[in-house]
Amino acid sequence: MARITKLEDIVSLCKRRGFIYQSSEIYGGLASCYDYGPLGVELKRNVRDAWWKRVVRMRDDVVGLDCSILMHPLVWKASGHADKFADLVTVCKKCNTRTRVDHLTDHAEEHTEHVAIETAMTDAKNLDKKVCPACRTVGRFTEPMAFKLMFETQMGANVDDTMTLFLRPETAQGIFANFRNVLDSTRVKVPFGIAQIGKAFRNEVTTKAFIFRTREFEQAELEFFCEPGTDEEWYEHWKQARFDWYLDLGVKKENLRFRDHDPDELAHYAKACVDIEYKFPFGSGDWQELEGIANRTDFDLRQHQRGMRTLNSWYETKGDLGSIELKEEAEDYHKGPLSFFDEQARKRYIPYVIEPSAGIDRSTLAFLVDAYDEEEVRGETRNLLRFHPELAPVKVAVFPLVKKDGLPEIARNISDDLKRHFTCFYDQKGAVCRRYRRQDEAGTPFCITVDGQTKDDNTVTVRDRDSMEQIRVGADGLKAYLLEKLGV
RNA sequence: GCGGGCGUAGCUUAAUGGUAAAGCACCAGCCUUCCAAGCUGGCUAUGCGGGUUCGAUUCCCGCCGCCCGCUCCA
């Protein structure tokens, strides 16, 4: 049974084993930023690859994409991030509870996820009548604080000639912006999906909680385009497919669940949304979101058609996002540049979009925590990580039983050969049982030991991480044996 | 950002207004033929800055960072 009960234990484990370090630690750290160590980078890469393999390579109806992080600013005007992502927050002076201004009520009021900043500012002046949801005190709020949710940066080395750009707050918009390109340059037909993995940046109001909410994070997103009317079916399809992915990679069933969003919790453009949550083994609020699957309807593509029509005002205002209005939607928008023509059915429409959006960092941590285990062996505690072979940072470790009699040379040769097929670790130092335990801690599924018998019959022992059992395998068939066992 | 807690070696902990201790880990060597054996030696710490003081890791202040809550969300 794993004994992790606090977040500190996880942080400690991550650092001790070289999975995750605090960023810039030698300078006192940088809030909300973390680095992946030698084992962490392999693990994270495997998580990424496992996602890509399942979502892109194993399917005929999904293609990949890798967009630049910097995009034309109008993208964010069209997506709504530029002016609707500004949440205002106030604090009740009585009970010190922090609440979003648009969540305050004075009477039964309809919920909105994000409001235009002008509206919010107007509302913010009228906090006198608002009620604190925590202590019911009326009208005792601090001045609302505005947050810039997008990171800004400058493009252009010439100071007089720079342009303000944003670091993307999600990878999805790059996919929508390339919808036409992919349609025109490949032979895909709706229904099909475009997938992307990459970094995104958000100035969250608060970060905290280790790598669960960082300002720089990695997303794995799929935008799956389908005909309106078939969207609910595809929504169910992806809901199940994504859930199964976590289970297939070894996450314990009892630690995973769906959480449907309430209708009033949905973004205004979403028809449905469900979270896949993981039960982290510490404290309160232990169910944490790993991935959201949303039915975004045709909202995004329609918005970008409006964005494309806004380009002239962009030039006229010399790129002042704040002073331009997104152009109204054309009446025949469904025939617009981001529409799809179904040649069989002879009809044109704007596809609906199902979006599974996963947090790579969060998933990586969930896999790590879920794999952690401790067990008693002969009165000693054995710590191990029971990673699924596909995720294990190191697949195989190779040891000579002792550091003499020519065993190291044989083991080294085996290791060099296996290296070409999967990550392999060679170790000849100290007692062999100690080396086994070290690999248990790293989650290495198999250890190969070369002993005296190897020289007689050319067999080695293969030791299994989970059962600690050993079997003898001929060195010639070793590679095939491991490939089969690892399923790679 | 507000409130609360915290910051000593790679990790877990100890101690002190006066030379900072231990276990584990790690490194070198000896010994070792399969589940954290043993022996010898070695490396490594008071987050950063200021103040009080003869002297601060300890007391005070500021900053940075972490954890919990509010909030948010991939």
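Order of the sequence lines sets the chain letters (A, B, ...), proteins ahead of strands, with each chain counted from 1. Being a predicted model, the structure only gives us computed values, none of them experimental.
Atom C1' of B/A9 sits at a distance of 15 Å from the matching atom of B/A15, rounded to the whole Å. Separating the P atom of B/C11 from that of B/A25 is a span of 15 Å, rounded to the nearest Å. Taking atom C1' in both B/C61 and B/U52, one finds a spacing of 11 Å when rounded to whole Å. Comparing the same atom, P, in B/C6 and in B/A14 gives a spacing of 13 Å after rounding to whole Å. If you take atom P in B/A56 and the same atom in B/A20, they sit 13 Å apart, rounded to whole Å. Across B/C31 and B/G41, the matching C1' atoms stand 15 Å from one another, rounded to whole Å. On the P atoms, B/G38 is 12 Å away from B/G23, given to the nearest whole Å. If you take atom P in B/G4 and the same atom in B/G62, they sit 13 Å apart, rounded to whole Å.
In this structure, A/Leu13 atom CG and B/A25 atom P are separated by 16 Å, rounded to whole Å. Rounded to an integer number of Å, the gap from CD1 of A/Ile26 to C1' of B/G10 is 15 Å. Note: CD (A/Gln428) to C1' (B/U32) measures 14 Å, nearest angstrom. What separates CZ of A/Arg17 from C1' of B/U12 is a distance of 13 Å, to the nearest Å. If you take CG of A/Asp275 and C1' of B/C73, they are 9 Å apart, rounded to a whole angstrom. For the pair A/Glu375 CD and B/A36 C1', the interatomic distance rounds to 13 Å; values are reported in whole Å. Note: CZ (A/Arg472) to P (B/C34) measures 12 Å, nearest angstrom. Nucleotide B/U71 holds its P atom 19 Å from the CZ atom of A/Arg202, rounded to whole Å.
Stacking between A/Phe217 and B/A74 is shown: the ring centroid lies under 5.5 Å from the centre of the six-membered base ring, and the planes differ by under 30°.
Ring geometry for A/Phe179 against A/Phe192 counts as parallel: the plane angle stays under 30°, on a 0 to 90° scale with 60° as the upper cut. Ring planes of A/Trp234 and A/Phe224: tilted class, angle from 30 to 60°.
Across every strand in view, B/A36 sits unpaired, with no contact that passes the Watson-Crick or G-U test at under 3.5 angstrom. Across all strands shown, the partner of B/A21 is B/U13, judged by Watson-Crick or G-U wobble contacts whose two distances both fall under 3.5 Å. Figure legend. B/C59 is base-paired to B/G51; pairs are counted as Watson-Crick or G-U wobble with both atom distances under 3.5 Å. Across all strands shown, B/G42 is found opposite B/C26 as a Watson-Crick or G-U wobble partner, with both distances under 3.5 Å. The pairing partner recorded for B/G3 is B/C68, the criterion being a Watson-Crick or G-U wobble arrangement whose two distances lie under 3.5 angstrom.
In this structure, the nucleotide among B/G65, B/A25, B/C35 sitting nearest to the side chain of A/Ala31 is B/G65. You'll find that the side chain of A/Tyr436 is closest to B/C35, out of B/C26, B/A74, B/C35. Considering only the side chain of A/Arg213, B/U71 comes nearest among B/C11, B/C35, B/U71. Among B/C67, B/C34, B/C72, the nucleotide with an atom closest to any side-chain atom of A/Leu401 is B/C34. The side chain of A/Arg16 approaches B/C11 more closely than any other nucleotide in the set B/A36, B/C11, B/C34. Each of B/C11, B/U32, B/C34 was ranked by its minimum atom distance to the side chain of A/Val402; first place goes to B/U32. Among B/A37, B/A74, B/G65, the nucleotide with an atom closest to any side-chain atom of A/Arg362 is B/A74. Comparing B/U32, B/C35, B/C26 by their closest approach to the side chain of A/Lys404 singles out B/U32. When distances are taken from the side chain of A/Gln22 to each of B/A74, B/G65, B/C35, the shortest belongs to B/G65. The side chain of A/Val432 has B/C34 as its nearest neighbour among B/C67, B/C34, B/C26.
Residue order along RNA chain B, read from the 5' end via each residue's closest nucleotide, puts A/Cys33 first among A/Gly359 and A/Cys33. Ranked by how close their nearest RNA chain B nucleotide is to the 5' end, A/Ala431 and A/Gly29 are led by A/Ala431.
Residue-level contact check: A/Leu407 touches neither bases nor backbone, having no heavy atom under 4.0 Å from any strand. Residue A/Thr449 is in base contact, counting any heavy-atom pair closer than 4.0 Å across all strands shown. Nucleic acid contact for A/Glu170: none, since no nucleic acid atom lies under 4.0 Å from a heavy atom of the residue. Heavy atoms of A/Thr461 sit under 4.0 angstrom from at least one base atom. When heavy atoms are screened at a 4.0 angstrom cut-off, A/Glu441 is found touching base atoms of the nucleic acid. Here A/Arg463 lies in heavy-atom contact (under 4.0 Å) with a base. Counting non-hydrogen atoms under 4.0 angstrom, A/Tyr34 reaches the backbone sugars and phosphates but no base. Contacts of A/Glu291 with the nucleic acid, taken as non-hydrogen atoms under 4.0 Å apart, involve only primed sugar atoms and P, OP1 or OP2.
In this model, the phosphate group of B/C35 is not approached by any side-chain N or O of A/Arg382 to a distance below 4.0 Å at OP1 or OP2. OP1 or OP2 of B/C11 has at least one side-chain nitrogen or oxygen of A/Lys15 nearer than 4.0 Å. The shortest distance between the side-chain N/O atoms of A/Thr381 and the OP1/OP2 oxygens of B/A36 is not below 4.0 Å.
Judged purely by distance below 3.5 Å, without hydrogens or angles, the side chains of A/Glu221 and A/Thr171 pair a donor atom with an acceptor atom. Donor-acceptor pairing under 3.5 Å is recorded for the side chains of A/Tyr246 and A/Glu291. Side chains of A/Asp451 and A/Thr454: a donor on one and an acceptor on the other come within 3.5 Å. With 3.5 Å as the limit, one finds a donor-acceptor pair spanning the side chains of A/Asp370 and A/Tyr278. A/Gln453 and A/Arg472 form a side-chain donor-acceptor contact under 3.5 Å, judged by distance and modelled atom types alone. A donor-acceptor contact under 3.5 angstrom links the side chains of A/Asp457 and A/Thr459, judged on distance only.
A/Trp245 has its ring centre less than 6.0 Å from the ring centre of A/Phe367.
Scanning atom types as modelled, no donor and acceptor separated by under 3.5 angstrom connect the side chain of A/Asp440 and the base of B/C35.
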